[in-house]
Amino acid sequence: MILGFTLLQFYRKPIFAHKKELKVTQILDQLNEEQRSAVKATEGPVMVVAGAGSGKTRVLTYRIAYLLENGVDPFNILALTFTNKAAREMKERVARLVGPEARNVWMGTFHSVFARILRSDGHLLGYPSNFTIYDTDDSKSLIRTIVKELQLDKKVYTANTVLGRISSSKNNLINAQGYNNDDEITTADKAAGRPFTGKIYALYEKRLFQYKAMDFDDLLFKTNILLRDFPEILHKYQHKFHYILVDEYQDTNYSQYLIVKKLAANNENICVVGDDAQSIYAFRGANIANILNFKHDYPEVKLFKLEQNYRSTQNIVNAANGIIANNKEQIQKVVWTENSTGHKIPVIRTSTDSEEGRMIAGDIFETRMNEHCANKDFAILYRTNAQSRALEEALRKQNIPYRIYGGLSFYQRKEIKDLLAYFRLIINHNDEEALFRIINFPARGIGKTSQQKISIKAQEHDVTAWEVINHPHQYGLELGASVATRLHQFKTMIAGFASQLHKKNAYDLAKHIAATTGMIRTLNEDKTPEGISRFENLEELLNAINEFTNKAAAEGEEDKPRSLDIFMQDVALLTDQDNEDKNDTDKVSLMTVHAAKGLEFPFVYIVGLEENLFPSMQSLNTRADLEEERRLFYVALTRAEKKATLSYAETRYKWGNLIMSEGSRFLEEINEEYIDSNRMYNTSASAKNTPRHQGDRRGDTSSYKKIGGGTPDSSKFKKASALKKDTASYPDISADDIRPGVLVSHQRFGSGKVLHIEGEGPNKKATIFFKDAGEKNLLLKFARLKIIK
DNA sequence: GGACGTTCTGTTTTT
DNA sequence: CAGAACGTCC
């Protein structure tokens, strides 16, 4: 289980074990003049505008090292990043420069640092230190519950939309009351046909507080409230953090911006580093204006521009600059490089997504041979996580080891969330999402109806469900005798676990819980491949907890408590599995472009450059979104050191449907001179025969057509007996030929559709006729296969 | 009341 | 495709 390892490594790696390598005075010599000036300007506000590959992280880490070397107490430094990965890398690099004292610098993501502050001072806002952090799934689930309770139409009030509204409000420091009092907002909601969004927000806010839970946005929002309403706390942290550094400043939202501003207000020793051209998180509230307006906030600011790129070849830098030049909003700067011209950018055009995978796997194989490089020198970047499937398949076939970053996080898996829900409930009895998640899992005879009764009583008396379960009579909970007994047993079990929380270490307690609740048994009974994998995941989690428990000895932190609640604090924000151990892995990296920010690879493939995929369908609606999409492409390109390769597929399976598409506009926005004129085309007959769509497709979203079809995955095929029979009589063609097959044409046929699909081998041309032509659910079980050639 | 099977729906990026 | 919702049966 790939995802599991990463979790393990996080706890295994003794990151502060490094010995100091160099004196800071020595390392300063390694910097260019601008970088060195940025490092040395320790006092007062500083902004570093750092182009891609210009040594931004270097400046940040050296700056911290420089501060420490000049006698600044590590406890007085705060360094904020966006991802765990970035924080980790910075920690490692600083530790390498200055040795173990680096551990005392507060370095972490905005969310983790503020969570830490809230755990220590959140009691002033009425939160216990063991409050639960709700991830997006928890939040959505709570919203769905509320929508149901309010008897609203869940199709109108989808969890995504509602959470999006709430989230952006929180990021602009608007609470539910403010939301409902704001005419502009409520009018907009009414206009959108969702007049009750504010009501949902109010209930959502109330419930979270009742559950003693915070969602991701709350970690920022509540920190703001804390610093606003409790001056003594503000002073405490202002006094503590003499020096503040912020990475990726262009991605801060208003909420983050304000916290940083407040913390820095005392002595203004604030250094922000960023690149407006790499702002790719506007969708979650990032405000590019924060970096554009930094000068207004701090008129005394010293500005440094790092414009020399040390990473990429001239071709890549120039191509990337050309893309971004299409944008209107940007800080003027010229990113340049002294590196060699390098390869021109090849564009691979394929007919299907699986062929795209094959071509890239083949190219990796070849390049690895020719250039004598390792797997880890390659990265494949895509716009959406779903695109990884076809690539994985191709890499597996070529025996190229790979690692996927992101996607469905280990912690989002059902079996993991289930076990974690037990932990959550034990630590925080108010956590109702957790409670109802596991009250009847594994099944113990407390069904939906009983759960609803509990829920209703809790609301009637404005207490938590746990309170009702503890005193059923007091709240008039009426259940059948047997259900009442089972509920009592459940309560006793949870309470029993809770009493062990600080008696047993995390591993022993976790193991005890997994066994006692029947989770282990239930999962072990399922012998399907998925079931086995679920069981393994559970084991993986337990292993990770074991590592966590044993870590004390390894890192000389014997005094640190190793109880389950401490583990859960760490885990809550570890939502991306970014804990690559570079030393023992040699794998090709697969990830989204977003996840690739801050990384670099000698060889980078950017795949799925299709109109409506990259740039994404929704980004085509507004100029701002399209500009962000361009910046995203800019980020992707500039990850490459030696060579960037682009690719797109003309047809692709998406949500079980075959999708037709054309090359992305970005392919045409790159200046011809940087593109490899020997564009690599696939060699299949169809690609040669199919004329390239040359029409003006700017803004033409209709080119992205769903033409029906079904993914012939194994489970569907078992049911598709009709198809099997048909194919069985044609030894020349197998059902498997359909998927890698090339779409030749499609046409209406009565109420159905006919797809002409060409198989891979010689004489493998087939027609699939769909009997059922409903727009959706075109499953192969309704299909019949005919050899037409 | 609860287990189990079928149908429907939403589909970007992340802390 | 996966998860939720709905329907059916014991």
Side-chain angles (χ1 to χ4, degrees), chain A residues 80-87 108-115 133-137 139-141 144-145 148 154-155 158-161 164 167 171 214-220 248 251-253 255-256 280-286 381-387 389 405-409 411-414 440-441 443-453 479-480 482-483 486 530 572-578 591-597 608 612-620 625 628-629 631-632 635-636 653-657 659 706 710-711 713 715-716 719 774 776-777 779:
Chain A
L80 295 167
T81 65
F82 272 81
T83 63
N84 296 314
K85 185 159 33 189
T109 64
F110 278 91
H111 289 83
S112 71
V113 166
F114 300 154
I133 297 173
Y134 273 21
D135 67 18
T136 311
D137 288 337
S139 300
K140 282 186 192 165
S141 165
R144 275 191 287 265
T145 311
K148 210 172 182 179
K154 61 177 187 198
K155 282 168 202 158
T158 59
N160 264 335
T161 324
S167 174
N171 286 330
M214 297 200 202
D215 65 15
F216 283 139
D217 301 316
D218 277 338
L219 296 175
L220 312 175
E248 308 280 13
D251 286 332
T252 49
N253 60 35
S255 191
Q256 292 161 325
I280 55 175
Y281 282 106
F283 73 90
R284 70 169 198 212
L381 309 183
Y382 35 78
R383 179 66 235 274
T384 69
N385 283 305
Q387 287 168 254
R389 254 171 192 281
Y405 293 81
L408 184 63
S409 134
Y411 304 97
Q412 285 172 283
R413 285 158 190 279
K414 186 184 175 303
N440 200 31
F441 186 84
R444 53 174 71 86
I446 306 170
K448 247 176 258 164
T449 321
S450 310
Q451 291 176 30
Q452 250 155 28
K453 283 182 189 164
L479 298 168
S482 65
V483 178
R486 282 176 289 205
E530 298 82 31
L573 289 167
L574 207 65
T575 45
D576 63 339
Q577 55 297 131
D578 43 16
M591 65 186 93
T592 63
V593 181
H594 283 91
K597 188 146 94 158
N612 294 321
L613 180 59
F614 193 5
S616 80
M617 182 132 43
Q618 27 268 312
S619 76
L620 295 175
D625 288 346
E628 175 148 322
E629 214 73 5
R631 293 193 292 266
L632 199 54
V635 168
Y653 279 95
K654 207 175 175 186
W655 311 310
N657 291 310
I659 307 280
K706 187 165 74 179
T711 313
D713 67 292
S715 64
K716 290 273 162 53
K719 289 178 190 171
K776 285 170 189 169
N777 301 328
L779 300 177

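Order of the sequence lines sets the chain letters (A, B, ...), proteins ahead of strands, with each chain counted from 1.
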Taking the side chain of [X] as heavy atoms from C-beta outward, which of [options] is closest to it?
X        : options                : value
A:Thr592 : C:dA5, B:dT13, B:dT15  : B:dT13
A:Asn160 : B:dG10, B:dT15, B:dT12 : B:dG10
A:Lys148 : B:dG10, C:dA5, B:dT13  : C:dA5
A:Thr384 : B:dT12, B:dT15, B:dT14 : B:dT12
A:Lys154 : B:dT15, B:dT13, C:dC6  : C:dC6
A:Arg284 : B:dT12, B:dT14, B:dG10 : B:dT14

So A:Ser112, base contact, sugar-phosphate only, or nothing? Heavy-atom distance under 4.0 Å.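 No contact.
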What's A:Phe110 touching, base or sugar-phosphate or nothing? Going by heavy atoms closer than 4.0 Å.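 No contact.
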Residue whose closest nucleotide on DNA chain B lies nearer the 5' end, A:Thr158 versus A:Ala595: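 It is A:Thr158 whose nearest nucleotide is closer to the 5' end.
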Qualifying residues under salt bridge (charged side-chain N to carboxylate O under 4.0 Å, His left out), relative to A:Asp217, sequence neighbours excluded: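 Expected list: none.
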Every protein N/O within reach of nucleotides 2-4 of chain B N/O, cut-off under 3.5 Å:
{"residue": "B:dG2", "atom": "OP1", "partner": "A:Gly445", "partner atom": "O", "Å": "2.3"}
{"residue": "B:dG2", "atom": "OP1", "partner": "A:Ile446", "partner atom": "N", "Å": "3.1"}
{"residue": "B:dG2", "atom": "OP1", "partner": "A:Gly447", "partner atom": "N", "Å": "2.8"}
{"residue": "B:dG2", "atom": "OP2", "partner": "A:Gly447", "partner atom": "N", "Å": "2.3"}

Under the side-chain hydrogen bond (donor to acceptor under 3.5 Å, both in side chains) test, which residues partner A:Arg486, sequence neighbours left out?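 Scan of A:Arg486 (side-chain hydrogen bond (donor to acceptor under 3.5 Å, both in side chains), adjacent residues dropped) gives A:Ser482.
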In whole Å, what is the span from the [atom1] atom of [X] to the [atom2] atom of [N]?
X        : N      : atom1 : atom2 : value
A:Ile280 : B:dT15 : CD1   : P     : 11 Å
A:Lys85  : B:dT13 : NZ    : C1'   : 14 Å
A:Lys140 : B:dG10 : NZ    : P     : 13 Å
A:Arg144 : B:dG10 : CZ    : P     : 12 Å

Nearest 0.5 Å please: distance from the OH atom of A:Tyr281 over to the CD atom of A:Glu248.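 It is 8.5 Å, given to the nearest 0.5 Å.
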Residues in side chain to side chain contact (heavy atoms under 4.5 Å, CB included) contact with [X], at least two apart in sequence or another chain:
X        : answer
A:Thr109 : A:Thr81, A:Asn84, A:His111, A:Ser112
A:Ser616 : A:Arg383, A:Gln618, A:Ser619, A:Glu629
A:Ala282 : A:Glu628

Assess A:Lys597 against A:Phe82: is NZ or CZ under 6.0 Å from the centre of the six-membered ring, and within 45 degrees of the ring's axis?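 So A:Lys597 doesn't make the cation-pi contact.
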Can A:Tyr281 be said to stack with the base of B:dT14, given centres closer than 5.5 angstrom and planes under 30 degrees apart?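 Here the ring of A:Tyr281 and the base of B:dT14 are not stacked, as the 5.5 Å and 30° limits are not both satisfied.
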